[in-house]
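In this chain, numbering begins with 1 at the start of the sequence shown.
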Amino acid sequence: MRKVIGVVLALLLAVGAVATSPPAAVATSADRADEPPVRGVPGAIDLSADEDLAAWQRLQFGMFIHWGLFSELGGVWQGKPVTSGYSEQIQMWANISEEEYLDVAARFRPDRFDPAEICSLAKQAGMRYVVITSKHHDGFSMFDTATTDYDVTDATPYGKDPLKALADECRSQGLKFGFYFSLVDWHQGHAFDGNNNNPIPASMEPVIKAQIRELMTNYGDIAEVWFDMSSPTDTQSEEFAGIVRELQPKAAVNSRVWNNKGDFRTLGDNEIPSVALDGAWQTPASIYHDTWGYRSWQVRDDLPGKIRDLVVGLTGVRARGGNYLLNIGPRGDGSVVEFEADVLRGMGDWLDRHPGAVLDASATRFGGQPWGEVTVNDRDLFLHVTDWPETGELRLPGLAGTVREVREDGAAGALDWRRDGDDLVVTLPATPRDQVLPVIKVELGSELRIIPRGTVSLGRDGAAALGAADFEQGYSYADDGSYSSTRRTTVRHTAYVTPDRAGRVSLAVRGEARPDALYRLQVGSRSKLVTGEELTREAVGPFPVQPGRVTPVTLTLARPAHAGEDLGLRLDALLVAPTGSVVSWAQAPERLTVGTVTDVPVHVTNLGHRAARGTLALRAPEGWTTGGGESFGGLGAGRTHTLTAPVSIPATGATGPAALEAVVTGSGGKTLQLTSHTEVVLPNVARGRTATQSSTAWDGVASRAVDGDTAGDYLRDNTTTHTAEPSREAWWQVDLEASRTIDTVEIWNRTDCCAERLADYWVLVSDTPFTSDSLEESRTAPGVTAVHLKDQAGRPTNVELNGVRGRHVRVQLASATNPLSLTEVVVRAR
């Protein structure tokens with residue numbers, strides 16, 4: 001089961017020429033515009049090819065319940081709030097002995113635990129399944145187990161199995177049911193560990209396996225098993241997951257069984273990925289980010305704001321193809337906190353107002369938009385507007401298909417709209433109808449198709465050279481047996497091309513791959529299997545292409561060991577060109593810096609049938625130097641010859657777009673000479689300079705943002721900064737060591753998680769040092785240039801300063817609570 005994971009083809013961020021419909025008269029709602037001349041790719045993201053996993057994905061929205069002995073304490077020990085850690089782990093954070101913890105069990109009487117009420121609340125919220133803690137890290141079993149008397153039926157006056165009652169009630173009310181099960185067990189012998197990274201000794205295995213068997217045997221059909229923490233061996237992970245698959249073959253196992261043995265990937269707490277993810281995944285979310293178990297002293301206020309935040313979270317996860325598992329933490333007596341119940345009912349009310357917009361809708365390949373999210377349900381496209389545009393217009397790029405009508409969901413009257421090339425532009429009312437999260441409903445005339453941003457035209461020559469930036473990476477996650485070893489992986493490269501005429505093309509890949517790995521290179525519906533050595537050494541093809549349609553070009557592993565296995569491929573460039581031609585092409589970087597020398601690979605690729613010879617050189621703008629040409633001979637079919645050209649740009653060189661042309665002379669055959677485009681930029685004067693920040697947490701030191709590394713994955717490559725949590729108006733700054741004329745500042749966000757920690761921020765520039773932690777005082781100080789950026793930072797966000805003089809550059813949040821985390825700050829100046 002679940003050996004095949006559905007592949008998500010995400011959007012391409014490209015640099016090359018964009019294949020869109022030619023400029024034409026702007027179509028309006030009155031015209032009912034015909035479908036654009038370029039046929040797009042299917043816009044809805046498919047579910048897994050494994051039907052059992054697809055059935056789990058269709059659940060979409062579930063209730064998580066953290067409930068146990070810890071709930072009786074409510075985050076308080078010996079009359080004082082325990083402010084460290086989550087309240088469900090209070091035994092560790094308050095250093096409570098097991099004898100004292102058993103005293104808590106002796107008074108545990110959850111007489112107000114009402115499965116019917118909980119299931120009814122879940123259904124009111126729109127939830128379709130319930131997952132409850134069967135055993136948390138404290139090792140106290142909340143179910144009837146024969147393995148120990150350290151359980152709810154033997155150690156408490158309650159004396160009943162509440163989980164059996166809940167499982168039965170879920171079944172009665174048509175909800176699916178699942179268990180949380182901690183692999184950390186302080187009762188069975190694990191020591192307190194703040195990271196909960198304990199290995200599992202062999203002595204603990206029999207109890208763990210027996211308890212999993214009980215849970216998989218005594219509670220009816222199980223939809224999901226949510227393992228958590230610890231650091232098992234590969235064999236242990238395989239055996240734990242194997243018990244579930246033996247006894248509950250349709251149950252989905254989460255990735256925290258570790259060692260990549262799960263069926264779906266569990267993201268970080270409350271994480272909404274900033275990049276597209278391939279395969280099945282889930283976000284575990286909490287009503288309060290500070291705790292999952294009941295906390296009596298938790299601040300509960302701003303009900304409308306909380307409902308909106310969680311509706312936005314649900315929509316963001318669903319628009320990206322994940323399941324959303326939202327937690328409640330009942331009290332020790334089993335009752336649901338009234339505020340939490342009100343939040344869930346509020347979410348359910350919003351879902352009722354927008355039927356089909358989230359539940360039963362599919363994620364799309366549009367990806368996140370500056371104004372919000374996009375889902376699709378059959379021929380209804382839903383635009384979830386989290387940020388109502390001040391311009392009064394909402395633009396959706398790349399919609400390939402007819403539009404019949406646009407209206408604010410739930411409203412009677414239609415909205416005006418027009419087509420601007422491949423973009424749909426909707427005229428919005430001054431204020432939205434729905435104050436929680438407004439939704440615009442677009443009725444389509446056919447199935448959703450899109451023209452991905454950055455689709456590259458093969459042009460009249462039928463050829464194009466694509467750089468690494470022209471590919472969208474499909475991401476997943478893998479681990480080495482623990483939470484701390486989890487890392488983001490690249491499991492797919494996809495580009496989109498549009499030929500002007502029918503023909504046959506071949507592809508040449510430049511980069512490094514695992515020599516013995518078997519890769520699948522797919523162009524449209526045709527694919528070929530090649531080893532890594534063959535992929536990077538010889539051209540692959542031919543593949544037929546058709547004009548007037550977007551053709552995906554995708555690289556994946558042919559037989560991945562698991563859904564998150566990394567490609568092991570560094571893709572530097574890709575040539576797509578007609579089979580039978582000899583093609584010269586430059587592997588130009590996205591950017592070249594004035595006053596520097598950069599080695600640029602220049603290639604000639606023989607896609608013909610006979611050996612080629614000639615001279616290869618690089619032609620650059622006037623005033624640049626590139627070295628001399630180089631002769632090549634005996635270049636066999638499918639092979640590539642490479643010249644490394646040292647490209648030098650004078651310090652006084654102009655910035656902006658520039659072209660580099662690869663030139664072949666004397667080949668004697670049909671030769672295509674391609675032009676590559678680059679951007680000339682000023683030097684980064686921030687790199688290596690002294691950086692400071694208002695505080696430091698998680699070892700995220702300020703210097704990481706001036707080290708020249710923009711990778712942005714905290715766990716994998718330690719390239720992000722981090723301030724304390726919480727922080728008031730957190731800031732980061734750099735001293736350029738001299739006053740500079742600044743052209744632009746680039747702000748680079750993270751890629752792994754927590755991208756929202758760099759939103760609603762200011763970029764401040766001054767010739768004199770900043771002396772205050774206050775944003776208001778710093779931005780209004782004499783001589784300070786201040787630029788406010790409301791939206792979440794990108795990779796990068798370019799802040800145009802156009803010649804402002806300054807020595808000190810600060811990035812500061814407006815938030816009174818959020819920490820600041822960023823990957824890189826690049827200051828372009830002379």
Non-neighbouring partners of D360 that pass salt bridge (charged side-chain N to carboxylate O under 4.0 Å, His left out), sequence neighbours left out
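In terms of salt bridge (charged side-chain N to carboxylate O under 4.0 Å, His left out), with neighbours along the sequence ignored, D360 is linked to R128.
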Taking salt bridge (charged side-chain N to carboxylate O under 4.0 Å, His left out) as the test, write out the residues that go with D566, two or more places apart.
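Counting only residues at least two positions away or on another chain, D566 forms no salt bridge (charged side-chain N to carboxylate O under 4.0 Å, His left out).
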For D378 and D380, indicate whether the former's side chain and the latter's backbone hold a donor-acceptor pair under 3.5 Å.
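The answer is no, because no donor-acceptor pair under 3.5 Å joins these two groups.
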Going through the checks in order, is the side chain to side chain contact (heavy atoms under 4.5 Å, CB included) test met by W624 and V680?
CA-CA 12 Å; W624 297 20; V680 181; 3.6 Å; yes
Under 3.5 Å, is there a donor on one side chain and an acceptor on the other for [X] and [Y]?
X	Y	answer
T751	R488	yes
S457	T498	no
T579	S506	yes
R265	N260	yes

R591, CZ atom: more than 12 neighbouring heavy atoms under 6.0 Å
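More than 12 heavy atoms, drawn from other residues, nucleotides or ligands, come within 6.0 Å of this atom.
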Within a radius of less than 6.0 Å around CG of D599, do more than 12 heavy atoms belonging to other residues, nucleotides or ligands occur?
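Check passes, neighbour count above 12.
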Quick test of your reading: applying ring pair (Phe, Tyr, Trp, His ring centres under 6.0 Å), list the pairs with at least one residue in residues 600-621, sequence neighbours left out, ordered by first then second residue.
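Residue pairs with at least one partner in residues 600-621: W585-H603.
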Any [X] side-chain heavy atom under 4.5 Å of [Y] side chain:
X	Y	answer
P452	R365	no
P438	E408	yes
D263	S48	no
F471	L574	yes
F382	V358	no
L396	W371	yes

What is the distance from atom [atom1] of [X] to atom [atom2] of [Y], rounded to the nearest 0.5 Å?
X	Y	atom1	atom2	result
L616	L635	CG	CG	10.0 Å
D572	L466	CG	CG	13.0 Å
D461	T675	CG	OG1	9.5 Å
W417	I440	CH2	CD1	14.5 Å

The criterion is ring pair (Phe, Tyr, Trp, His ring centres under 6.0 Å); which residues satisfy it with H493, sequence neighbours excluded?
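If we apply the ring pair (Phe, Tyr, Trp, His ring centres under 6.0 Å) test to H493, skipping adjacent residues, there are no hits.
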Y477: ring pair (Phe, Tyr, Trp, His ring centres under 6.0 Å) partners, not counting sequence neighbours:
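Applying ring pair (Phe, Tyr, Trp, His ring centres under 6.0 Å) to Y477 gives none.
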Got a salt bridge between [X] and [Y], using NZ or NE/NH1/NH2 to carboxylate O under 4.0 Å?
X	Y	answer
E271	R750	no
E447	R449	yes
R320	E373	yes

Return the minimal non-hydrogen interatomic distance between [X] and [Y], and the atom names on each side.
X	Y	result
A662	S584	O-OG, 2.9 Å
R795	A711	NH2-O, 3.5 Å
A464	L458	CB-CD2, 3.8 Å

Please enumerate all residues that pass side-chain hydrogen bond (donor to acceptor under 3.5 Å, both in side chains) together with [X], with sequence neighbours excluded.
X	value
S527	R520
S581	none
Q546	none
T710	none

If a pair satisfies salt bridge (charged side-chain N to carboxylate O under 4.0 Å, His left out) and one of its residues is in residues 543-561, list it, with sequence neighbours excluded.
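Qualifying pairs, neighbours excluded: none.
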Can you pull the salt bridge (charged side-chain N to carboxylate O under 4.0 Å, His left out) pairs that have at least one residue in residues 527-539, sequence neighbours excluded?
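Found E533-R537.
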Just jot down the side chain to side chain contact (heavy atoms under 4.5 Å, CB included) partners of R395, sequence neighbours excluded, or say none.
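Only R418, D420, D423, V425 meet the side chain to side chain contact (heavy atoms under 4.5 Å, CB included) criterion with R395.
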So if I apply the side-chain hydrogen bond (donor to acceptor under 3.5 Å, both in side chains) rule between T375 and each of R318, H384, H354, which one comes out positive?
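Output: one option passes, namely H384.
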